[in-house]
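Atoms within each ligand, like the ligands themselves, are counted from 1 in listed order.
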Amino acid sequence: MITLRDVHYTYPGETAAALHGVTLEIAEGEICALVGPNGAGKSTLCYTIGGFVPHYYHGELRGEVIVDGRNTVEHPLGELVKHTGLVFHNPLNQISGARFTVREELAFGLENLGVPRGAMLARIEQVLDQVGIAHLAERSPFELSGGQQQRVALASILVMGPRVLLLDEPTSQLDPLGTKEVFAAIKALSRSGVTVVLAEHKPELIAEFADRVVVLHQGQVWQQGPPRAVLADPGLDEIGVSVSRYTQAARAGLERGVWPVEQPLPVTLDEAVAGFGGAAHSGNPASEAARRGER
Ligand SMILES: Nc1ncnc2c1ncn2[C@@H]1O[C@H](COP(=O)(O)OP(=O)(O)OP(=O)(O)O)[C@@H](O)[C@H]1O
Ligand SMILES: [Mg+2]
């Protein structure tokens with residue numbers, strides 16, 4: 001669904017490349033998480049897949065970017081955005097400012113596409129529910145909290161029905177419950193065949209929701225693979241990527257002899273419980289002592 005071949009990109013006026021030889025293949029319906037330290041190129045990669053590079057951010061682009069069969073360089077941004085939706089990190093970049101209410105905001109893009117009114121209203125109601133903001137439909141987008149604005153920004157993209165969804169830290173301003181809700185909605189979309197690329201810092205969420213993790217470092221693909229294989233990699237700390245609290249707990253457990261040496265480090269809560277549970281019953285003296293409450 002998404003193919004990048006040896007992509008190099010440098011922002012206008014910069015000397016260092018923000019993307020440096022990125023080659024990636026992302027399948028239809030996949031959820032691909034992008035992680036990496038600040039400045040690694042996660043947002044830039046989203047802009048590149050979405051066609052904002054090079055149509056909005058000019059600079060120098062080399063290599064090939066093909067999304068849903070279209071070479072992004074050869075199609076205008078106005079056409080690309082009908083198929084590929086990008087939710088910017090800052091929701092205020094998404095809100096048009098041309099409309100008074102959230103419902104009208106969601107109508108904005110559809111009106112531009114000439115969607116008939118009845119179909120448009122039904123579609124808006126569906127997306128309002130999907131993203132959990134039906135109760136905000138008559139509010140001004142500007143009087144909402146940051147987290148609510150993030151949901152509106154996501155809804156304004158989903159309403160267009162994109163086949164490819166690019167999400168740049170879509171829940172950075174949401175609380176844990178709101179974050180879970182939004183991720184559940186994203187998972188449901190991917191099950192219906194939408195391809196998702198997600199820049200995200202929260203390893204617990206990536207482990208639960210992503211099919212694949214791509215680690216970017218200094219504009220290059222540093223590592224990629226299934227969350228379980230990538231997220232417990234000790235090298236992540238060295239490049240400044242946070243590991244999940246479950247991995248941290250197991251590392252500490254390993255040092256204290258309460259995590260089984262042969263067990264791979266966990267990236268999810270379930271794996272951590274299984275590992276610590278196993279240790280508690282394995283006859284490991286330290287864990288036996290811990291179980292009896294001794295120090
Ligand atoms: N508009 C821009 N003009 C010039 N350089 C930019 C621009 N946006 C980003 N950069 C540079 O490109 C590189 C990659 O930045 P990018 O924002 O893609 O990283 P990121 O992984 O999204 O970081 P963060 O975790 O902070 O969001 C950095 O060196 C950054 O300074
Ligand atoms: Mg970014």
Side-chain angles (χ1 to χ4, degrees), residues 2 4-24 26 31-63 65 67 72-73 77 80-81 84-95 146-147 149-151 153-154 157 164-174 179 182-183 186 196-207 209-210 212-225 227 230-231 233 235-244:
I2 301 171
L4 286 91
R5 284 196 203 103
D6 198 23
V7 171
H8 294 253
Y9 172 67
T10 308
Y11 282 98
E14 299 290 324
T15 48
L19 297 178
H20 199 78
V22 174
T23 295
L24 272 181
I26 301 171
I31 300 185
C32 177
L34 305 176
V35 303
N38 292 334
K42 303 180 295 295
S43 297
T44 307
L45 186 54
C46 291
Y47 304 154
T48 304
I49 297 169
F52 287 79
V53 165
H55 298 295
Y56 178 81
Y57 296 105
H58 300 297
E60 194 201 332
L61 176 68
R62 284 190 286 132
V65 183
V67 182
T72 56
V73 175
L77 189 56
L80 296 173
V81 297
T84 304
L86 168 63
V87 179
F88 284 89
H89 181 205
N90 181 351
L92 292 175
N93 285 346
Q94 212 96 50
I95 294 168
Q149 285 176 340
Q150 279 195 313
R151 291 192 197 228
L154 174 62
I157 292 298
V164 175
L165 189 56
L166 309 169
L167 304 166
D168 194 357
E169 299 183 41
T171 62
S172 56
Q173 300 185 49
L174 281 158
T179 298
V182 166
F183 269 87
I186 293 167
V196 180
V197 178
L198 167 77
E200 181 57 70
H201 282 292
K202 301 168 190 161
E204 292 82 6
L205 283 168
I206 296 169
F209 288 98
R212 178 164 33 143
V213 184
V214 172
V215 183
L216 290 177
H217 181 44
Q218 297 176 345
Q220 295 181 300
V221 175
W222 184 82
Q223 212 208 90
Q224 61 172 310
V230 174
L231 291 175
D233 187 322
L236 288 181
D237 300 285
E238 283 156 36
I239 63 164
V241 174
S242 52
V243 299
S244 93

Legend entry - For His201, atoms of ligand 1 separated by under 4.0 Å from a heavy atom: 25 (O)
Inset, instruction - Can you confirm whether something in the protein, heavy atoms only, sits under 4.0 Å from atom 30 (C) of ligand 1? - result: no
Inset, instruction - Would you indicate whether the side-chain heavy atoms of Ser172 and Lys202 approach each other to under 4.5 Å? - result: no
Inset, instruction - To the nearest 0.5 angstrom, please state how far the CZ atom of Arg151 sits from the OG1 atom of Thr171. - result: 10.0 Å
Inset, instruction - Compare all side-chain heavy atoms of Leu198 with those of Phe183 and state whether any distance is below 4.5 angstrom. - result: yes
Legend entry - Student check: side-chain heavy atoms of Thr23 and Val221 closer than 4.5 Å: no
Legend entry - atom 27 (O) of ligand 1: nearest protein contact (heavy atom, Å): Glu169 OE2, 3.7 Å
Inset, instruction - Pick one of side chain, backbone, both or neither for how Ala199 approaches ligand 1, counting any non-hydrogen atom pair under 4.0 Å. - result: neither
Inset, instruction - Counting heavy atoms only, name the option from Tyr11, Tyr56, Tyr47 that's nearest to atom 6 (C) of ligand 1. - result: Tyr11
Inset, instruction - Could you tell me whether Glu14 approaches ligand 1 through its side chain, its backbone, both or neither, with non-hydrogen atoms closer than 4.0 Å? - result: side chain
Legend entry - Pro37 neighbourhood, listing ligand 1 atoms whose heavy-atom distance to it stays under 4.0 Å: 21 (O)
Inset, instruction - Mark the output for Gly41 as yes if a heavy-atom distance to ligand 1 is under 4.0 Å, and as no if none is. - result: yes
Inset, instruction - Flag the pair Thr84 / Leu166 as yes when at least one side-chain heavy-atom distance between them is below 4.5 Å, and no otherwise. - result: yes
Inset, instruction - Working to the nearest 0.5 Å, report the span between CD of Gln173 and CG of Asn90. - result: 7.0 Å
Inset, instruction - Mind listing the protein N/O/S atoms less than 2.8 Å away from the Mg ion (ligand 2)? Waters don't count. - result: Ser43 OG
Inset, instruction - State which residues pass ring pair (Phe, Tyr, Trp, His ring centres under 6.0 Å) with His8; sequence neighbours excluded, sorted by chain then number. - result: His20
Legend entry - Val73 side chain reached by Val65 side chain, heavy atoms, under 4.5 Å: no
Residues 37-56 side chain polar contacts: donor-acceptor under 3.5 Å, at least two apart:
unit_1 : atom_1 : unit_2 : atom_2 : d
Lys42  : NZ     : Gly36  : O      : 2.9
Lys42  : NZ     : Pro37  : O      : 3.2
Ser43  : OG     : Asp168 : OD1    : 3.4
Ser43  : OG     : Asp168 : OD2    : 2.6
Thr44  : OG1    : Tyr11  : OH     : 2.7
Thr48  : OG1    : Thr44  : O      : 2.7
His55  : NE2    : Thr72  : O      : 2.6
His55  : NE2    : His75  : O      : 2.9

Legend entry - Sub-3.5 Å N/O-N/O distance, Ala18 and ligand 1: no
Inset, instruction - Take Val214 and Cys32 through the test side-chain contact (heavy atoms from CB on, under 4.5 Å) and record every step on the way to the result. - result: CA-CA 7 Å; Val214 172; Cys32 177; 3.6 Å; yes
Inset, instruction - Please identify which atoms of ligand 1 are closer than 4.0 Å to at least one heavy atom of Asn38. - result: 23 (O), 24 (P), 25 (O), 26 (O)
Inset, instruction - Please say whether Ala40 places an N or O atom under 3.5 Å from an N or O atom belonging to ligand 1. - result: yes
Legend entry - Trp222 side chain reached by Ile239 side chain, heavy atoms, under 4.5 Å: yes
Legend entry - Close side-chain approach of Ile186 to Leu167, heavy-atom, < 4.5 Å: yes
Inset, instruction - May I ask you to identify the nearest protein heavy atom to atom 16 (P) of ligand 1, giving residue, atom name and distance to one decimal place in Å? - result: Thr44 OG1, 3.6 Å
Legend entry - atom 28 (C) of ligand 1: the protein heavy-atom neighbour that sits closest, reported with distance to 0.1 Å: Gly39 O, 3.7 Å
Legend entry - Protein heavy atom at shortest distance from atom 25 (O) of ligand 1: Lys42 NZ, 2.7 Å
Inset, instruction - State if Cys46 counts as touching ligand 1 under the rule of any non-hydrogen atom under 4.0 Å. - result: no
Legend entry - Sequence neighbours excluded, every pair satisfying salt bridge (Lys or Arg N to Asp or Glu O under 4.0 Å) that has a member inside residues 50-62: Glu60-Arg62
Legend entry - Residue of the set Ile31, Ile206, Ile26 for which side-chain contact (heavy atoms from CB on, under 4.5 Å) holds with Arg212: Ile26
Inset, instruction - Provide, to 0.1 Å, the distance between atom 17 (O) of ligand 1 and the closest protein heavy atom, together with that atom's residue and name. - result: Ser43 CB, 3.8 Å
